[in-house]
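Everything below concerns the one structure shown next.
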Amino acid sequence: MFTITVYGENQVGLLNQISIIFTRRNLNIWSLTVSATVIEGVHKFTIACRTTRQQIDNVVKQIEKRIDVIKAFYYTDDEIIYQELALYKVSTDAILDDPNFEQLLHQHNAQILEINRTFVAIQKTGHCRETTELYEALAKYGVLQFVRSGRVAITRSPLEPVNSYLEAREEFRKELMTNK
Amino acid sequence: MTGSEAIIESLLAEGADTIFGYPGGQIMPVFDKMYDYQDKLRHILVRHEQGAIHAAQGFARACGKTGVVVVTSGPGATNVITGIADAMVDSTPLVVITGQVSNSLLGKDAFQETDVLGITLPITKWSYQIQRPEDIAWAVARAFYIAKSGRPGPVVLDVTKDAQVGKLDQFKYEPCNFIRSYIPVPTIQKSKLQEAAKMLSEAKKPLIVYGQGIILSHAEEELKALCNKAGIPAASTLLGLSALPTGFKHYKGMLGMHGNIGPNMKTNEADVILAVGMRFDDRVTGAVNTYAKQAKIIHIDIDVAEIGKIIPVDLGIHADAKEALNLLSILTPEAEHDAWEAEFDKCYETEYSKVIAPEIAPGKGDVNMGEVVNMVAEVSKQSAIVVTDVGQNQMMGARYSQFNQTRSLITSGGLGTMGFGLPAAIGAKIAEPSRPVCYFGGDGGVQMTIQEFGTIMQEKIGVKVIILNNNWLGNVRQWQELFFDARYSQTRMVNPDYMKIAEAYGFAHRRVTSREELRSAVEEMLSNDEPYILEACIVEEGMVFPMIPPGKGVTDIMLNAKEWYQK
């Protein structure tokens, strides 16, 4: 599994520009998360994809070639810290008389988000394997709904690698302006 | 000022004085405004939008300026898709302006509404929808910058009706020279070029393979200088042809499936290969698992995604060809490789006696394709811009034309678009009116865009149309004969009387059925600057050789249907 991170300008259609690069190669996107970064106007795409290194290298170069893409990188799992978020809903009746329920959540490091007469909403963050384990553990109560987010990831290096790039570009822009 | 006026003012500010187009409902405000600009802006009314886009491609390829197309929404936009895809793969700078329905109708299946962005994003360098007149100057400036800079390519601007008719309080055009997420020309890495120079200086059998990047980067002289100084033979891809003159001492011919024997054979003997501004297309490499395994490969390209994409390289240099070659020719010491270069000439001798002489001077039988091309090269004294269609005519046009100046071959390389040639020739002639423009097309390809005879007539464009008529879809027929047990499925063409068609359009014309008439017909054709239709009735079952069959390596070369090249 490779995790691709793409930093792009906040432009209409950028997600489409990125996703068609996968489509063209008949590559399936395993998960996708898009969100604003702390850098103004810059959005981050985190894409998980299972393929060969050669293919991912080609894909990332093609992504970075898009005009509105600032930078694109790819990582193996050991190069990043990543998490997914899962939400579960079970019936309140099903857990009410089970003394082990809270302990089960504790064991899985999961939290209750909301509890009312009809259902309990549970949240867990973790890797895919971990959120699946909780799903299986809750199965005996009957899981009414289950959803899992795409991966979010940060690199093990201290800064997001796009910062220095943008600083250099800003310098260059200023140079261009003064040379005008 | 309206948005439409802003579009035209923006085009003029970019120096675009010629546009190829076709009006229609959702682009009418722009065409209405054109009426006021007839003295400044030449609009070429084509007969089909595909003609507009290929003409713009021919224009851009001939003179280097960005080609501009203006068409309407819906079918107008979808009719230019082939040309956009063609321009993308062949790195041709285009700005394509498509009309679009009103903002409020977007996504509602309005009349002639199409998702132009969705369709064009995969085949453009950039696509953008303009919804407000205020964004026009910005978007057009950005479009021209993107189309022309770095590795060129097509850009689409989809302009909604609101943006065209909306009013602007002020209009100020500023050309774009900076996009923070886009670095068109990388900074030159001198250390890498030093390394390349060292590799070349240690090479016993160096070879340069170059492509259109040389032309796009204006690096012809730098390439020549490197070849001369370091004594390195050079071979061209199809799109690189004419970057070096045919008669240049170190020029050894064309690479690839129907290329010359020397460049292909020697690819697998060279010890260092310097690839510049080319992308190792499969028509060049043949089977990649046997391609140049013995060689150290240096690849210079402005598009970093091309480096290592097909062929693993020993040294990748992300750079502009002109800059890199200039530095490389300074850094590389003087050398000669006469014995090595002579080996290419030896291959050429075999090719000449086995393939070329029988093609261009058979002495008997029906006229050959290569014979016609060769005659045009001879009579035009190599001065013409040669535009080809796709197929046998293209390979013959490429093989037997001779060039003494750059930007003299215009052909659809990567996409292989039949129907490209005729409109591209129109564009080329408009871009370079002082040069003869000779189009070679087959009876198949010419009929794909034959409606553009109307454009030639109306605009009085002196294109020389040479139809190599063999009453077959010749290239497919050749493959059927060689690889599909001579099962001629759907390749026989029953053709119209081209002379009557020429007459209907009022073009001078001549049909040539024998060798004896050929020279006088070509002389007549080239004696003035008027449109001319020359139909050459050529040998029906002619084939293009040498040929590296699909799936074979660069040293598996057929000399004819029965004989393989023996080293």
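Convention: sequence-line order gives letters A, B, ...; per-chain numbering from 1. These numbers come from the heavy atoms of this one structure, side chains and all, not from hydrogens, waters or symmetry mates.
- With rounding to the nearest 0.5 angstrom, the CD1 atom of B:I179 is 6.0 Å from the CD1 atom of A:I67.
- With a 4.5 angstrom heavy-atom cutoff, A:I21 does not touch chain B via any of its atoms.
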With a 3.5 Å cut-off and sequence neighbours excluded, list the donor-acceptor pairs that the side chains of residues 184-192 of chain B form with protein atoms.
unit_1: B:K192; atom_1: NZ; unit_2: B:G316; atom_2: O; d: 3.1

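- Sparse packing is recorded around CG of A:N26, with 12 or fewer heavy atoms of other residues, nucleotides or ligands lying under 6.0 Å away.
- The candidate with the highest count of non-hydrogen atom pairs below 4.5 Å against chain A, out of B:R151, B:K309, B:Q129, B:K125, is B:K125.
- The number of heavy atoms from other shown groups lying within 6.0 Å of CD (A:E170) is above 12.
- The residue among A:E9, A:Q62, A:K71, A:E64 with the most heavy atom pairs within less than 4.5 Å of chain B is A:E9.
- Residue A:Q83 qualifies as enclosed at atom CD: its count of foreign heavy atoms under 6.0 Å is above 12.
- Other residues, nucleotides and ligands contribute only 12 or fewer heavy atoms inside 6.0 Å of the NZ atom of B:K296.
- Annotation for A:R25: atom CZ counts as buried by contact number, over 12 foreign heavy atoms lying within 6.0 Å.
- The closest side-chain heavy-atom distance from A:R169 to B:F178 is below 4.5 Å.
- Contacts of A:I20 with chain B are made by side-chain atoms alone, with heavy-atom separations under 4.5 Å and no backbone atom involved.
- The parts of A:D68 that come within reach of chain B are both its backbone and its side chain, each placing non-hydrogen atoms under 4.5 angstrom from that chain.
- Environment of OH in A:Y135: sparse, with no more than 12 heavy atoms of neighbouring residues, nucleotides or ligands closer than 6.0 Å.
- Of all the listed residues (B:I183, B:V304, B:I146), the one sharing the greatest number of non-hydrogen pairs under 4.5 Å with chain A is B:I183.
- The shortest distance between side-chain heavy atoms of B:Y182 and A:V69 does not fall below 4.5 Å.
- In this structure, chain A has no heavy atom under 4.5 Å from any part of B:I310.
- Residues B:W126 and A:R66 fail the side-chain proximity criterion, which asks for heavy atoms closer than 4.5 Å.
- Contacts of B:T124 with chain A are made by both backbone and side-chain atoms, with heavy-atom separations under 4.5 Å.
- Around the CZ atom of A:R156, the shell of radius 6.0 Å holds more than 12 heavy atoms that belong to other residues, nucleotides or ligands.
- Between the CD1 atom in A:I18 and the CG atom in B:L121 there is a gap of 11.0 Å [rounded to 0.5 Å].
- With a 4.5 Å cut-off on side-chain heavy atoms, A:V42 and B:R180 count as touching.
- Dense packing is recorded around CG of A:N116, with more than 12 heavy atoms of other residues, nucleotides or ligands lying under 6.0 Å away.
- Listed here is the closest heavy atom pair of B:S181 and A:I70: CB-CG1, 3.7 Å.
- Ion pairing of A:K61 with B:E306 is absent here, as no side-chain N (NZ or NE/NH1/NH2) approaches a carboxylate O to less than 4.0 Å.
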